[in-house]
Amino acid sequence: MSEKKRLHLHVPEPEFRPGDTPDFSNVTIPKAGSVRRPDVDVSPEEIRDLAYSIIRVLNRDGDAVGPWADLLSDDELIRGLRHMMTLRAFDARMMMAQRQGKTSFYMQHLGEEAVSTAFQCALEKGDMNFPTYRQAGLLLAQDYPMVKMMNQIYSNEEDPLKGRQLPIMYSEKEYGFFSISGNLGTQYIQAVGWAMASAIKNDTKIAAGWIGDGSTAESDFHAALVFASTYKAPVILNVVNNQWAISTFQGIAKGGSGTFAARGHGFGIPALRVDGNDYLAVYAVAKWAAERARLNLGPTMIEYVTYRAGGHSTSDDPAAYRPKEESDAWPLGDPIERLKLHLISKGIWSEERQLQTEAEIKDTVLAAQKEAESHGTLHSGGSPSTRDMFEDVYKEMPPHLRRQRQEAGI
Amino acid sequence: MSEKKRLHLHVPEPEFRPGDTPDFSNVTIPKAGSVRRPDVDVSPEEIRDLAYSIIRVLNRDGDAVGPWADLLSDDELIRGLRHMMTLRAFDARMMMAQRQGKTSFYMQHLGEEAVSTAFQCALEKGDMNFPTYRQAGLLLAQDYPMVKMMNQIYSNEEDPLKGRQLPIMYSEKEYGFFSISGNLGTQYIQAVGWAMASAIKNDTKIAAGWIGDGSTAESDFHAALVFASTYKAPVILNVVNNQWAISTFQGIAKGGSGTFAARGHGFGIPALRVDGNDYLAVYAVAKWAAERARLNLGPTMIEYVTYRAGGHSTSDDPAAYRPKEESDAWPLGDPIERLKLHLISKGIWSEERQLQTEAEIKDTVLAAQKEAESHGTLHSGGSPSTRDMFEDVYKEMPPHLRRQRQEAGI
Amino acid sequence: MSRMTMIEAIRDAMDVMMGKNDDVVVFGEDVGYFGGVFRCTHGLQEKYGKNRCFDAPINESGIVGAAIGMAAYGLRPCVEVQFADYVYPAYDQIVSEAARLRYRSAGDFTAPITIRMPTGGGIFGGQTHSQSPEAVFTQVSGLKVVVPSNPADAKGLLISAIEDDDPVIYLEPKRLYNGPFDGHHDQPVTPWSKHELGEVPDGYYNVPLGKAKVTREGADVTIIAYGTMVYVAEAAVKETGIDAEIIDLRCLLPLDEETIIASVKKTGRCVVVHEATLTSGFGGELLSRVQETCFYHLEAPIQRVTGWDTPYPHAQEWAYFPGPERVSRALEQVMEA
Amino acid sequence: MSRMTMIEAIRDAMDVMMGKNDDVVVFGEDVGYFGGVFRCTHGLQEKYGKNRCFDAPINESGIVGAAIGMAAYGLRPCVEVQFADYVYPAYDQIVSEAARLRYRSAGDFTAPITIRMPTGGGIFGGQTHSQSPEAVFTQVSGLKVVVPSNPADAKGLLISAIEDDDPVIYLEPKRLYNGPFDGHHDQPVTPWSKHELGEVPDGYYNVPLGKAKVTREGADVTIIAYGTMVYVAEAAVKETGIDAEIIDLRCLLPLDEETIIASVKKTGRCVVVHEATLTSGFGGELLSRVQETCFYHLEAPIQRVTGWDTPYPHAQEWAYFPGPERVSRALEQVMEA
Ligand SMILES: Cc1ncc(C[n+]2csc(CCOP(=O)(O)OP(=O)(O)O)c2C)c(N)n1
Ligand SMILES: Cc1ncc(C[n+]2csc(CCOP(=O)(O)OP(=O)(O)O)c2C)c(N)n1
Ligand SMILES: [Mg+2]
Ligand SMILES: [Mg+2]
């Protein structure tokens with residue numbers, strides 16, 4: 001027996017706190033194009049290393065390189081850029097609307113626009129996402145009507161969710177977008193269940209679960225991995241590692257495992273780690289995982305390495321817990337700038353078109369906003385009926401709710 | 001896009017069902033002594049393979065071989081054999097007592113006796129186990145008074161738990177044995193919390209969590225691994241893989257991961273897999289993990305490969321879901337037989353002493369039983385007071401419970 | 001008509017629904033090959049295949065969460081939680097997800113799932129095999145909560161539950177699986193095969209959710225009960241000779257207030273009986289509804305007879321269980337008041 | 001004495017207890033460096049170190065489960081669940097473990113833990129930041145349940161909770177964090193700094209668990225309330241001019257029946273008020289206790305004014321919230337009856 005040593009508690013800390021100068025030069029970022037692309041039927045053991053690397057396609061010069069490149073046409077790439085720009089413009093307007101008191105709450109995607117927009121392009125009609133609150137790109141990448149999203153954000157008279165839900169907690173079955181919960185982690189296992197159902201019915205549709213780095217700590221994350229692993233469900237298990245969970249850095253959830261992707265290893269689930277700010281890489285990896293699922297090869301876990309450049313929500317000010325300069329110092333750059341550079345270097349885009357498109361998108365967003373506001377905002381104009389408060393608790397309103405509605409005088 | 005394939009659900013099945021002839025010849029069992037013994041401060045990545053192997057010490061001839069051997073003195077080995085024999089004899093009597101209606105319920109350890117008895121010998125006074133219902137060996141290996149266990153099993157007037165708990169749900173703080181819950185998995189994270197507390201207080205004590213193969217699927221398993229990994233808690237995370245969870249074979253919990261030990265890998269927790277029917281191997285591995293914990297090196301996960309030779313509980317008949325011959329066909333043999341052979345081959349034991357010891361243990365168990373029964377059994381003789389039913393809900397009985405006790409007329 | 005135990009009736013309901021609708025799937029711990037620890041799903045895997053009836057990992061949150069996902073896809077899962085005592089890990093999925101999905105998505109997604117679980121004590125199961133947690137479900141807007149008391153109802157109610165477009169918690173009083181138990185634990189129980197309520201219609205039929213049944217008409221006092229307590233109430237009535245009306249609720253949420261109010265207005269007295277603990281048990285809600293609606297008809301305080309506010313003890317089971325003696329005493333007190 | 005908001009009072013209670021007892025540790029999501037999303041733990045990590053106050057992974061079951069283990073070791077953890085709406089994943093650890101540990105081990109192990117969580121609506125938080133789940137805790141034998149309504153009580157009750165040898169659920173009405181809110185959402189709220197109840201004694205003191213406070217004496221009707229509803233009740237009393245006695249429960253379990261009974265026996269009328277949904281809300285228990293003990297003193301049916309039986313909606317918040325108008329109406333009805 002070794003001599004008795006006093007124990008002590010290890011509490012992980014982020015490298016930089018307010019006042020520190022962030023320096024990520026010690027973070028190893030694999031070169032774009034350097035990570036191999038295995039066949040989709042590869043055995044999980046053979047690609048363990050891919051959970052500890054980062055798949056990247058776009059290099060510093062904006063060239064698409066390596067085995068994961070060249071999957072998208074010029075048109076698709078330009079569409080992708082527009083999707084990301086739209087999401088950013090949409091966010092900017094809605095952040096402002098919240099500050100103006102037109103809604104109670106908003107959550108933006110700043111810096112993470114590539115993840116959801118590129119992923120959606122790898123899915124097909126009929127597939128189902130189980131998103132968190134930070135994947136509105138799944139809708140915008142399908143050219144979903146912005147005005148409908150805004151109606152929901154404003155809880156106005158046209159709100160498809162009838163004013164019941166917090167802003168941005170969209171639900172759109174037709175667009176393969178499951179109702180957002182607000183309770184972290186719960187939807188991850190639901191995605192697996194949906195995928196199991198598709199397999200039970202010998203269908204061809206697949207599902208995608210979404211979770212944040214912090215929320216991987218939730219217990220339902222485990223439930224999802226157990227079920228996905230056991231029943232080989234056709235599901236893509238997405239982990240968006242944007243480095244922060246409100247004020248808590250990713251190390252508190254990750255603990256001693258090198259990466260979040262590595263969580264898949266304990267379950268024999270192939271796990272890939274990808275540059276989440278690289279539109280092409282995200283698309284390529286998503287496509288690979290989707291193909292695995294469609295071929296009945298089972299689940300794939302994907303960790304998107306990105307950075308939450310803004311606050312957690314409109315209720316949050318990150319200056320209280322991390323250096324203001326950290327987001328600029330983040331080594332993977334801005335997804336929009338990177339794709340723009342690629343398009344320019346391909347000769348299919350220019351700074352002028354960029355500015356022009358920005359202006360055009362701004363107009364579209366503004367027009368949508370105007371239309372949405374004509375239906376009301378949270379505290380003024382048209383609003384959902386209070387009667388609606390009693391609907392949809394059940395398919396048919398039971399007597400006690402009927403009585404309560406009467407009592408409410410509405 | 002690959003052509004659309006119809007999906008189908010994968011539901012794992014055990015290899016053998018009633019009527020089949022079990023044949024485990026395809027199961028690879030590493031040779032005793034063949035697995036290396038790393039230093040306790042090894043990095044988890046360097047011993048990944050140990051989660052897919054089986055650490056074994058005793059070979060077929062009963063010799064202790066390899067780097068994990070030779071940790072126990074002759075006396076300790078003989079004590080170990082006695083502990084296992086005592087547990088088996090105790091179980092046999094209590095199984096019979098249950099059939100005779102002296103208690104409502106019992107759960108035995110048949111075939112798994114080495115796991116808890118050997119493990120306990122690697123702990124020190126003050127350490128704390130958070131056991132499931134199948135680790136009574138943790139008590140017996142400390143020569144805990146059998147009569148006290150029986151009093152609990154009989155819910156008699158001397159029952160330390162005052163008749164409140166199901167039989168075998170012991171609680172013994174003084175012996176480092178946390179109150180058994182009955183709810184699966186809950187105690188695993190509690191073990192981590194206890195270990196964190198020891199670290200917070202700069203103490204030297206360590207904790208051990210216990211869970212069954214089937215129960216690793218529970219969500220609290222994840223909670224435990226997340227917390228243990230993040231705070232590097234001085235805890236040993238034990239998984240007893242006895243192949244079955246009631247009627248469900250281990251494949252339903254394990255899914256596509258090769259082993260349960262591998263679950264640790266997603267968390268950067270070193271994981272060892274050990275022959276659970278090999279007393280020496282269990283002890284050696286437990287000792288290794290305990291040393292890691294004591295040196296503040298953090299958690300270790302250990303999977304004990306064993307086999308539940310009996311029914312799940314007295315309510316269960318395994319003939320309904322697995323071949324009767326399966327337990328005999330199980331390739332890792334019987335832990336008592338194996339240690340006996342070792343002692344004999346060492347020349348410190350004999351068949352005669354075995355028989356003699358068996359008889360002696362049987363007498364001790366019978367004497368304890370007789371004493372316990374003098375204090376009553378579930379339906380006859382002395383029983384705990386009904387007044388006790390209202391005690392210990394709170395430290396001080398609040399008025400409403402006082403009133404209820406009065407109403408109950410007791 | 002066939003003679004069935006409650007277990008067989010429950011199994012038959014699933015069998016009928018699986019036969020009728022391909023979208024009905026059944027899973028849970030040990031429910032596949034083995035057919036459940038109480039054998040409620042015995043034979044279903046063999047008949048409908050592993051795709052439709054299978055073993056689940058031991059993760060109650062996962063079982064319910066996966067069921068919600070399947071329901072969102074379009075299936076109608078009917079899942080088993082091995083004991084009601086083990087439902088708590090699934091509580092978040094039930095409360096935050098299943099119960100609210102229709103509301104929060106304005107009907108875009110729904111969760112037509114049935115969650116079956118054995119409930120109640122009387123089998124020396126100790127605190128982890130005896131609980132009656134119905135009130136933690138009746139507090140949840142969006143759920144329906146069912147407790148059958150006999151094989152015929154059990155089958156009809158389970159069919160209704162599986163057909164229902166909203167999530168249903170289906171609590172099976174395990175002490176009634178093999179016969180009606182009236183709390184006289186020292187006396188043999190008549191098996192369902194010898195009891196008229198063991199007579200179960202063949203094939204498809206349903207018993208609607210939200211309709212109580214008056215199992216005994218009476219003039220002097222109304223007993224509101226469900227599950228095992230229906231028989232305990234009957235015994236107490238027989239033993240006291242008090243002309244009580246007994247209401248078997250069958251469904252706690254939504255509640256059949258009409259039947260309750262009509263009865264209490266008639267009798268002017270009321271005793272509420274359940275096995276769960278007193279404080280914040282469902283009895284509080286029942287008492288409140290009766291007080292609110294029948295105040296001017298009440299001739300005596302409404303009484304509650306329930307389990308004590310302690311965990312369910314093992315050895316003291318019969319001191320804990322609210323048996324006929326305690327119900328009788330309450331009836332007498334209410335009549336005297 | 002110092003002027004404090006409820007947030008500061010809560011923080012001060014933890015500060016006092018951490019200073020007094022090395023075994024008190026504080027953790028939860030975002031409670032470490034940042035000091036909690038409502039800033040209740042702000043500065044504690046800096047003062048007591050990372051060993052005593054730290055960030056936890058987002059796993060509520062893990063937070064409570066780890067706390068139970070620490071308590072078994074001998075510590076007194078005071079943990080935060082970020083919103084009461086997120087407590088359900090921890091429900092199993094609370095119900096099956098913390099609440100029963102002393103009982104099932106016959107006192108061998110205990111769980112002296114405090115679980116703090118912001119509760120209630122009124123901040124446009126929608127269904128996941130507005131719930132009042134107290135009744136799913138009051139049903140659990142072995143728990144204590146506390147709901148403070150002002151800074152002075154909040155501090156004294158939290159100190160009692162941390163000192164208590166049993167597990168305590170400590171619900172913080174978040175609408176009261178910065179000032180007493182009476183339901184008139186269109187009017188400005190007086191901050192605690194300008195309110196007499198913002199006057200908080202310095203250092204150590206406690207407010208015992210299980211003792212209610214009569215915040216207004218009155219002769220005609222008893223209003224039983226807690227948390228935010230205390231101020232809503234006050235507003236209703238002022239607006240109707242009815243001479244009501246208002247009881248602020250402060251602790252729901254154990255319940256101060258004595259104070260309640262004395263009051264209702266005096267007034268002969270009773271209105272129970274809470275923000276949680278009606279069905280199986282804690283109001284049902286309160287109504288039942290009053291009916292059982294004061295039946296012959298009651299001159300009118302006891303009424304409940306509560307949130308509706310729906311999830312907490314976002315835009316319709318003020319139609320959902322049981323404001324002074326609804327309480328006034330109930331008071332008038334009870335007085336007329
Ligand atoms: C069950 C539950 N616990 C806590 C919260 C409060 N909460 C909301 S978001 C959040 C952080 C989530 O971080 P992460 O998963 O990394 O996602 P991100 O916000 O970075 O996209 C927390 C703790 C919640 N919504 N649900
Ligand atoms: C939360 C919970 N769910 C279900 C059960 C019922 N149950 C008791 S033991 C058991 C099987 C456990 O199997 P395993 O973990 O492999 O342990 P073993 O019995 O083999 O030692 C089940 C499902 C329970 N006790 N608790
Ligand atoms: Mg994050
Ligand atoms: Mg097992």
Side-chain angles (χ1 to χ4, degrees), chain B residues 128 130 159-166 169-174 177-183 185-203 205 207 209 219-220 222-224 226-227 229-231 233 235 388-389 391-396 398-401 403, chain D residues 22-23 25 27 49-52 54-75 77 89-90 92-93 95-112 141-144 164-167 209-210 253-258 289:
Chain B
M128 184 63 70
F130 287 74
D159 173 4
L161 305 185
K162 306 190 176 173
R164 296 184 194 133
Q165 258 292 35
L166 264 193
M169 301 286 169
Y170 319 109
S171 176
E172 272 305 342
K173 194 176 196 167
E174 275 307 300
F177 191 99
F178 186 73
S179 155
I180 299 177
S181 154
N183 298 69
T186 46
Q187 76 289 345
Y188 220 50
I189 171 70
Q190 292 164 7
V192 176
W194 196 99
M196 286 172 69
S198 181
I200 287 170
K201 299 300 280 185
N202 302 127
D203 198 347
K205 298 170 193 152
S219 287
D220 279 339
H222 183 65
V226 170
F227 277 67
S229 171
T230 292
Y231 302 110
V235 64
D388 271 337
M389 180 168 70
E391 300 283 346
D392 288 333
V393 181
Y394 298 91
K395 186 170 184 200
E396 318 229 5
H400 70 281
L401 272 178
R403 196 174 53 236
Chain D
D22 273 358
D23 292 335
V25 294
F27 60 101
K50 283 199 300 173
N51 244 16
R52 307 266 314 275
F54 51 87
D55 286 332
I58 304 175
N59 184 313
E60 290 76 11
S61 183
I63 290 168
V64 175
I68 293 169
M70 291 178 189
Y73 174 92
L75 302 188
D92 189 39
Q93 285 284 351
V95 175
S96 309
E97 300 292 328
R100 295 218 204 104
L101 185 53
R102 178 189 295 279
Y103 192 79
R104 74 171 198 238
S105 73
D108 196 27
F109 292 93
T110 59
S141 310
L143 295 182
K144 298 188 176 178
D164 201 276
D165 288 325
D166 289 306
L209 307 187
L253 187 65
L255 184 66
D256 184 356
E257 271 196 40
E258 229 174 284
R289 297 271 182 108

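Note on naming: letters A, B, ... go to the chains in the order of the sequence lines (proteins, then strands), and numbering restarts at 1 for each one.
- Taking NZ of B:Lys162 as the start and CG of B:Asp388 as the end, the distance is 5.0 Å to the nearest 0.5 Å.
- Neither the backbone nor the side chain of D:Asp256 comes within less than 4.5 Å of any heavy atom of chain B.
- Side-chain contact between B:His400 and D:Leu253 is present, with heavy atoms from C-beta onward closer than 4.5 Å.
- With chain B as the partner, the residue from D:Val25, D:Asp165, D:Asp108, D:Ile68 showing the most heavy-atom pairs under 4.5 Å is D:Asp108.
- Heavy-atom distances place no part of B:Leu401 under 4.5 Å from chain D, backbone and side chain included.
- Applying the side chain to side chain contact (heavy atoms under 4.5 Å, CB included) rule to B:Ser229 yields the partners B:Phe267, B:Ile269; only residues at least two apart in sequence or on another chain are considered.
- For the options B:Thr186, B:Leu161, B:Asn202, heavy-atom pairs under 4.5 Å to chain D are most numerous at B:Thr186.
- For D:Leu255, no part lies near chain B; criterion is any non-hydrogen pair under 4.5 Å.
- Ring planes of D:Tyr73 and B:Trp194: perpendicular class, angle over 60° (limits at 30 and 60°).
- The residues D:Asp55 and D:Lys50 are annotated as not salt-bridged, no charged nitrogen and carboxylate oxygen being separated by less than 4.0 angstrom.
- For D:Asn51, the parts sitting under 4.5 Å from any heavy atom of chain B are the backbone and the side chain alike.
- Counting heavy-atom pairs under 4.5 Å between each of B:Thr230, B:Val192, B:Asp220 and chain D puts B:Asp220 at the top.
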Might you work through the side-chain contact (heavy atoms from CB on, under 4.5 Å) test for B:Met128 and B:Lys205, ending with a clear yes or no?
CA-CA 8 Å; B:Met128 184 63 70; B:Lys205 298 170 193 152; over 6 Å; no
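- Contact tally against chain B (heavy-atom pairs below 4.5 Å) for D:Val64, D:Leu101, D:Asp92: the top residue is D:Leu101.
- D:Glu258 does not touch chain B: none of its heavy atoms, backbone or side chain, sits under 4.5 Å away.
- Both the backbone and the side chain of D:Ala56 come within contact range of chain B, with heavy atoms under 4.5 Å apart.
- With a 4.5 Å cut-off on non-hydrogen atoms, B:Ser198 touches chain D through its backbone and its side chain both.
- Of the listed residues D:Gln93, D:Met70, D:Arg104, D:Arg100, the one with more heavy-atom pairs under 4.5 angstrom with chain B than any other is D:Arg104.
- Listed by chain and residue number, B:Tyr394, B:Lys395, D:Arg102, D:Lys144, D:Asp164 satisfy the side chain to side chain contact (heavy atoms under 4.5 Å, CB included) test with D:Asp166 (two or more places apart in sequence, or in another chain).
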Would B:Lys201 and B:Asp203 count as a salt bridge (Lys or Arg N to Asp or Glu O under 4.0 Å) here? Give the steps.
CA-CA 5 Å; B:Lys201 299 300 280 185; B:Asp203 198 347; over 6 Å; no
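- Most heavy-atom pairs under 4.5 Å with chain B, from the set D:Pro254, D:Ser61, D:Ala67, D:Pro57: that is D:Pro57.
- Here B:Tyr188 and B:Phe130 keep their ring centres 6.0 angstrom or further from each other.
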